[in-house]
Number of protein chains: 2
Amino acid sequence: MVARVQPSVAPQSRLAAPGAGKVGEVSALDEVGSLQHETLGERVTGELRALLIAGRLAPGEKLSLRRVAEALGVSMMPVREAVSRLAADKALEVLPGRAVRVPVLTLAQFRELTRIRLVVEGFAAEEATKVITEAQIAVVARHEAAFLAAAKDPPDPAAAVGANRDLHFALYEAAGMPSLIEMISRLWLKAGPILNLDMRHEPKRLDGGSAVVAHAQLLAALRRRDPAAARQALVEDISAAAEHIERTARLAE
Amino acid sequence: MVARVQPSVAPQSRLAAPGAGKVGEVSALDEVGSLQHETLGERVTGELRALLIAGRLAPGEKLSLRRVAEALGVSMMPVREAVSRLAADKALEVLPGRAVRVPVLTLAQFRELTRIRLVVEGFAAEEATKVITEAQIAVVARHEAAFLAAAKDPPDPAAAVGANRDLHFALYEAAGMPSLIEMISRLWLKAGPILNLDMRHEPKRLDGGSAVVAHAQLLAALRRRDPAAARQALVEDISAAAEHIERTARLAE
DNA sequence: TGTCGTGATCTGTGATCACAGTTAGGTTGG
DNA sequence: CCAACCTAACTGTGATCACAGATCACGACA
C-alpha cells in the first residue's frame with residue numbers, strides 16, 4: 001500500500017547537519033544545554049507515569065481524557081498523546097468502545113511479569129555491581145535508610161514506596177545502561193499499580209518484612225562487590241513481594 | 001500538582017462489570033469474538049513498525065507527519081498518534097524544533113542493545129525450548145528453509161529479512177510469554193533499521209554466513225530439547241550479526 | 001414487581017485550523 | 001563571485017469542532 005513514505009528526501013544526501021551555531025566558536029552559551037522546553041504532552045506523560053508507578057491509580061480504575069485534561073489544567077490534546085504512549089507500553093489500556101483504564105493483570109500475566117523482572121533486573125543488578133562507585137553505593141545506602149525510616153513505626157506508605165523505587169533505580173542506573181533502565185521502567189509501570197497499591201494498603205508488611213532484609217543483603221553484596229550475591233538478594237526481594245501479592249491481592253481470572 | 005485525576009469514581013465501588021451478555025446462557029453469539037475494528041492510528045502504527053523492523057526506513061531518515069499522512073491516505077491525526085507511540089519506544093525520535101526521524105544509534109548504544117538482546121532473547125530461547133511442541137518446531141524449520149532459500153543464489157534480501165524475523169519470533173512465541181514477545185519486538189524495533197538495512201545492502205553476507213549455521217544449530221538444539229544449546233546458538237547468531245554491523249555499518253560518534 | 005426499550009450524556013477518534021519556531025532557498029549588497 | 005540577509009514554505013504542537021458508538025438512568029409496558 002505504502003511504497004515510500006518520504007520519496008523526496010534521500011537520507012544519505014544529508015550526512016552532516018548544517019547546525020545552527022557558528023562553527024569554531026566557543027562561548028558560554030554552549031554551556032547551557034539548550035533547555036528544550038518540555039512539551040506539554042511529555043509533562044502529562046510523566047505525571048501519569050509517576051501516578052502509575054506509585055500505585056496511586058488502582059487497577060481497573062477508569063480514566064477520562066476530558067477529566068484528566070481538566071484536572072491537569074491542560075487541553076485534551078496532550079492527554080491524548082500521553083495516553084497513547086502509555087497504552088503503547090500497555091501501562092494503560094483502551095477498551096474498544098468504552099473508556100481507558102488501568103489494566104487489571106491476570107495471575108498468569110503477573111507471574112510472567114515477575115519472571116521477566118527476575119531476569120532483567122537481576123541482570124541489571126549484576127552489571128551494576130561490577131562497575132558501581134563508592135559514591136553510588138552511598139546513594140543506594142541513603143535510600144535504604146529512608147526506606148527503613150518510612151517502614152518504622154508509624155509507617156509512612158507513600159514515603160516507603162518512593163524510597164523503594166529510588167533505591168532500586170539508583171542501583172540500576174549504576175550499570176550505565178540507559179536502554180535497560182528504560183526497559184525496567186516499563187516493567188515497573190505495569191507492575192506498579194498492584195505492587196504499590198498493595199504496599200500502600202498493607203503497611204504492616206513493611207516493618208520486619210522481607211524487603212528490609214533483602215535490601216540489607218543487597219547493600220552488603222554491593223560493598224563486597226559480589227555480583228552473584230547482589231543478584232540473589234534482588235531475586236529474593238522481588239520474589240518475596242510477588243508471593244505476597246499472589247496470596248493477598250485481587251488478581252483477575 | 002495533581003491530587004486526584006478522577007475524584008468522582010471510586011474504583012473499588014465497581015468490583016464487577018455488569019456485563020452486557022446474559023449469564024448462564026450459551027448461544028452462538030458467544031462464539032463471535034466481538035470483532036473490535038482496528039483503529040486507524042493502530043493501523044498506521046503497525047505500518048510504521050513493519051517498515052522499521054524490515055529496515056526500509058534508514059537511520060537518520062527524516063519523516064514528516066503530513067507526508068506520511070498523505071502517503072498513507074489518512075489524516076495527520078492517526079500519524080501523530082503512531083509517531084507518539086513509536087517515539088515513546090524510542091523507535092523514532094522527535095528533534096526539539098525540527099522534524100521526526102529514525103534514530104541513529106551510537107556505537108555504545110548499539111552495544112548496549114546487543115547485550116540486552118543476548119540476555120532477553122537468550123532467556124526466551126531457553127524457555128521456549130522447554131515447552132515447544134513438535135508442530136511449533138516444524139514451523140521454525142519451515143522459516144529456516146525459507147531463509148535458506150532466500151539466502152541462496154540469487155539472494156533475495158527482502159525475503160531473507162522477513163524469513164529471519166519469522167524464524168526468531170516463531171521460536172520466541174513458543175515460550176508462551178506475551179509480555180516477553182512485546183519486549184523483544186521493541187528491541188527489534190530499535191535495532192531493525194541498522195541490522196536489516198545492512199542485510200539488505202549486503203546480501204553476500206547471507207550465503208555461507210554465520211546465520212545459516214547458527215540457525216541449524218538452533219534447530220538441532222530444539223529437536224534435542226536442549227535449552228542451554230538453543231540459547232548458545234541464538235547468542236552466536238546475534239553476536240555474529242552484531243560484530244559484522246560494528247565492522248561495516250555507519251554508527252554515530 | 002420485573003424487564004425491556006429509549007433518550008440523554010459521555011466516551012475516544014478523526015479532521016481542521018492556528019501558531020511559534022526552524023529550515024531552505026532566493027535575492028540583494030558588498 | 002561570495003557572503004549575508006530575508007522571505008516563504010514547512011515543521012510539530014496545541015486547541016477546537018464533529019461524529020459514531022457505548023453507557024447509564026429513567027420511564028413505560030407486561
Side-chain angles (χ1 to χ4, degrees), chain A residues 5-11 13-14 16-25 34-45 48 60-88 92-102, chain B residues 5-6 8-9 13-14 16-25 34-45 48 61-88 92-102:
Chain A
V5 173
Q6 175 122 334
S8 61
V9 175
S13 66
R14 203 181 153 278
K22 303 168 183 64
V23 291
E25 179 177 337
S34 75
L35 48 101
Q36 66 274 6
H37 78 298
E38 196 181 23
T39 183
L40 254 178
E42 294 175 10
R43 183 145 49 189
V44 176
T45 305
L48 290 180
E61 184 166 352
K62 292 188 300 184
L63 268 65
S64 160
L65 297 188
R66 291 174 174 85
R67 302 278 257 283
V68 176
E70 190 179 5
L72 267 63
V74 299
S75 167
M76 207 174 70
M77 210 60 208
V79 180
R80 280 176 67 173
E81 184 179 332
V83 169
S84 263
R85 295 181 179 184
L86 294 171
L92 291 178
E93 67 180 356
V94 290
L95 288 310
R98 306 182 186 180
V100 33
R101 69 169 189 180
V102 181
Chain B
V5 174
Q6 175 123 333
S8 61
V9 175
S13 66
R14 205 180 150 278
K22 304 168 184 65
V23 291
E25 180 177 338
S34 75
L35 48 101
Q36 67 268 10
H37 76 296
E38 194 182 25
T39 182
L40 252 178
E42 294 175 9
R43 183 144 52 189
V44 175
T45 306
L48 291 180
E61 185 165 352
K62 292 187 300 183
L63 269 67
S64 160
L65 296 189
R66 291 176 174 84
R67 302 287 258 279
V68 176
E70 191 179 6
L72 268 62
V74 298
S75 167
M76 207 174 70
M77 211 60 210
V79 181
R80 280 176 68 174
E81 184 178 332
V83 169
S84 263
R85 295 181 179 185
L86 294 171
L92 291 177
E93 66 179 358
V94 289
L95 289 309
R98 307 183 183 181
V100 35
R101 69 170 189 182
V102 18

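Keep in mind that this is a model prediction, so the values were computed, not measured. Quick note on labels: first sequence line is chain A, next is B, and so on, each numbered from 1.
Taking atom CE of residue A/Met76 and atom P of nucleotide D/dG14, one finds them 14 Å apart after rounding to whole Å. Atom CE in A/Met77 sits roughly 15 Å away from atom P in C/dC17 (whole-Å rounding). Atom-to-atom, CG of A/Leu95 to C1' of D/dG21 comes out at 14 Å; the value is rounded to the nearest Å. A/Leu65 has its CG atom 16 Å from the C1' atom of D/dC19, to the nearest Å. Here D/dT11 presents its C1' atom at 15 Å from CZ of B/Arg101, a figure rounded to the nearest Å. One atom, CD of A/Glu38, and another, C1' of D/dG14, lie 16 Å apart when rounded to the nearest Å. The distance between atom CZ of B/Arg66 and atom P of C/dC17, rounded to the nearest whole Å, is 12 Å. With rounding to whole Å, A/Lys62 atom NZ is found 13 Å from C/dG12 atom C1'.
Within 4.0 Å (heavy atoms only), A/Val100 reaches sugar-phosphate atoms of the nucleic acid but no base atom.
When all heavy atoms of B/Leu48 and B/Ala82 are compared, the closest pair comes out as CD1-CB, 4.2 Å. The minimum heavy-atom distance linking A/Ala99 with A/Leu63 is given by the pair CB-O, 4.0 Å.
Between the side chain of A/Arg80 and the base of C/dG14 there is at least one donor-acceptor pair of N/O atoms closer than 3.5 Å.
For C/dG14, one of the phosphate oxygens OP1 or OP2 lies less than 4.0 angstrom from a side-chain nitrogen or oxygen of B/Thr39. Close to C/dG14, at under 4.0 Å from its OP1 or OP2, lies no side-chain N or O of B/Ser75.
When distances run from any side-chain atom of B/Ala99 to the nucleotides C/dT11, D/dT11, D/dG14, the shortest one goes to D/dT11.
Atom CD of A/Glu93 sits in a crowded spot, with more than 12 heavy atoms from other residues, nucleotides or ligands closer than 6.0 Å.
Side-chain atoms of B/Glu81 and B/Met77, non-hydrogen and from C-beta on, never get closer than 4.5 Å to each other.
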